[in-house]
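These numbers come from a predicted model, not from an experiment.
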Amino acid sequence: MDLPQAFIDKYQDLLGSASGPFLQALQEPGQKGFRINPLKAQQAPRDLSLNKKVPYGQWGYFGQVAGKGIDHLTGLVYSQEPSAQFVGEVVNAKPGETILDLAAAPGGKSTHIASQLNGQGLLWTNEIFFARAKILSENIERFGVKNAIVSSMDASDLAKILPAYFDKVLLDAPCSGEGMFRKDHDAIQYWSAYYPTECAIRSHEILESAVKLVRPGGELIYSTCTFAPEEDEQTIAWLVKHYPEFTIEAIDRPAGTGIQAGRPEWADNNPDLAKTARLWPQDLPGEGHFVARLKKAELAEDESPVKVPKAQKPSKMSQADVTLMEHFFQESLPGFDLDESRLRTFGDRVFLLPVECPDLGKTKVLRAGLCLGTLKKNRFEPDHALALAVNPSQAGKQVYDLDAHEDLATYIHGDVINTKVDLQKGFVLMTANGNGLGWAKFVNGQLKNFFPKGLRY
């Protein structure tokens, strides 16, 4: 890999004698990683070799995910670079909290936060670029997240709609991507000596909105996958200077992990910058990351609290449509709690909103909680997202184990399955490795395939 000479000169100057191991690490193969999804009923992968655990992650492992493997298709595993997994650990979401991932695509950190929330509270995950937001929404769906809003909005617009709303806001900032050099050599072509400064200015602009989204007493977590002080320590120094209501909080760096402290000497010699964390590729298996956690001050006695946004009202559905849905859940998912007070329709699609969901009227939303299915003429058709989100035990007897009947390849190919299994007429949850994979409709000894055409192979 041919690194730009300006990049080499810069880090030789910044790191001195330590620059040799750093530059050498960038010439060596990177380390891949993945996380296990605790939201799934069965959490034991079958087509992955569980090698060494990532030392700072509850669900992280070193290794590679097969893109067409069943563990991936059922959302049991999520491919995520090892050092990036540390960011979710710093967020440390608690069940019941309201969390915003502001620049979330493709979804690694959002799915990590969803694991921590465990279905309780609200995860609002946002990506300004719509094409990337669609990928984010797909990954949230495959992971089986029920309590997430996926939007595609500018940070400034979100700040106007939901000011001081979130307990924690994560900004994994768009950056110069120096930590991506090993895995994406094209990132080198975009780099120039001035690029980190350009990216830092852009981060400052996003942070001006991010600070408004954090509630008093809440936290802002900032991260990048670059080594540049302009985008890391210097950006945090700028933040606390311009927004004194924010203070830098210490990040726990577990012993033996190789995680280092931030460098105060690279930004105004503010000693609090040593509370931030740096993950260097020469010190641990991973591409590298920078993470800072900041706390927003509580309101002063003379300050007025920000008005809480209105809650989202459910859609008014016809009794005929409600009856169609109730019939499906009684027959095919009797163990699922269909809370009719949280149903929201978008066209003919029906979503189950997260608990205490704010009003979505002025937001550009791709996914509003869990998509249950589509209302069609005289019938309700369940969505693929529902199959990935439910526990197979909720389907009662309407479950077909593809492994037990050796029909997995047939189903993934999109073919009809002939069976003598005793099933009721209607929709059946198809499972693989103990987790939901999709739907089929049972009629006269045949399972009509509803596996999405875009996923078949």
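Across every non-hydrogen atom of Leu220 and Ala210, the tightest pair is CD1-CB, 4.2 Å. Taking all atoms of both residues into account, the shortest heavy-atom contact from Glu219 to Val214 is N-CG1, 3.6 Å. Of all non-hydrogen atoms in Ala292 and Thr276, the two that sit nearest each other are CB-CG2, 3.6 Å.
Between the side chain of Ser137 and the main chain of Ala133, no donor-acceptor pair closer than 3.5 Å is present. A donor-acceptor contact shorter than 3.5 Å is absent between the side chain of Asp348 and the backbone of Thr374. With Glu231 contributing its side chain and Thr224 its backbone, the two residues share no donor-acceptor pair below 3.5 Å. A distance-only check finds a donor-acceptor pair linking the side chain of Glu233 to the backbone of Arg263 [under 3.5 Å]. With hydrogens and angles ignored, the 3.5 Å screen pairs a side-chain donor or acceptor of Glu178 with a backbone N or O of Ala228.
With a 4.5 Å cut-off on side-chain heavy atoms, Asp232 and Arg278 count as touching. The shortest side-chain heavy-atom distance between Leu372 and Leu338 falls under the 4.5 Å cut-off. Side-chain contact check for Asn126 versus Ser151: some heavy-atom pair is nearer than 4.5 Å. Using a 4.5 Å heavy-atom threshold, the side chains of Leu162 and Pro358 count as touching. Side-chain contact between Thr247 and Asp272 is absent, with no heavy-atom pair separated by less than 4.5 Å. Side-chain contact check for Pro38 versus Gln58: every heavy-atom pair is 4.5 Å or farther apart. Looking at Val365 and Ile149, their side chains come closer than 4.5 Å, going by heavy atoms from C-beta outward. The closest side-chain heavy-atom distance from Arg215 to Asp167 is below 4.5 Å.
The aromatic rings of Trp280 and Phe227 lie parallel to each other, their planes meeting at an angle below 30°, with 60° marking the opposite boundary. Ring geometry, Phe7 versus Tyr11: the interplanar angle falls from 30° to 60°, so the pair is classed tilted.
For the pair Lys364 and Asp157, the salt-bridge criterion is not met [side-chain N within less than 4.0 Å of a carboxylate O]. The existence of a salt bridge linking Arg182 and Glu81 is excluded, since no basic side-chain nitrogen approaches an acidic carboxylate oxygen closer than 4.0 Å. A salt bridge links Glu141 and Arg367; the closest N-O separation between the charged side-chain nitrogens and carboxylate oxygens is under 4.0 Å. Taking a cutoff of 4.0 Å between a charged side-chain nitrogen and a carboxylate oxygen, Lys168 and Glu97 qualify as a salt bridge. Salt-bridge annotation for Lys109 and Asp172: present, with a side-chain N of the basic residue lying under 4.0 Å from a carboxylate O of the acidic one.
Close placement of the Phe346 and Phe351 rings is indicated, their centers lying within 6.0 Å of each other.
For Lys53 and Tyr61, the positive end sits near the middle of the six-membered ring, less than 6.0 Å away and at most 45° from its axis.
A side-chain contact (heavy atoms from CB on, under 4.5 Å) with Phe143 holds for exactly one of Arg35, His112, Glu138; it is Arg35.
Checked by atom type, the side-chain pair Gln312/Arg344 shows a donor-acceptor distance below 3.5 Å.
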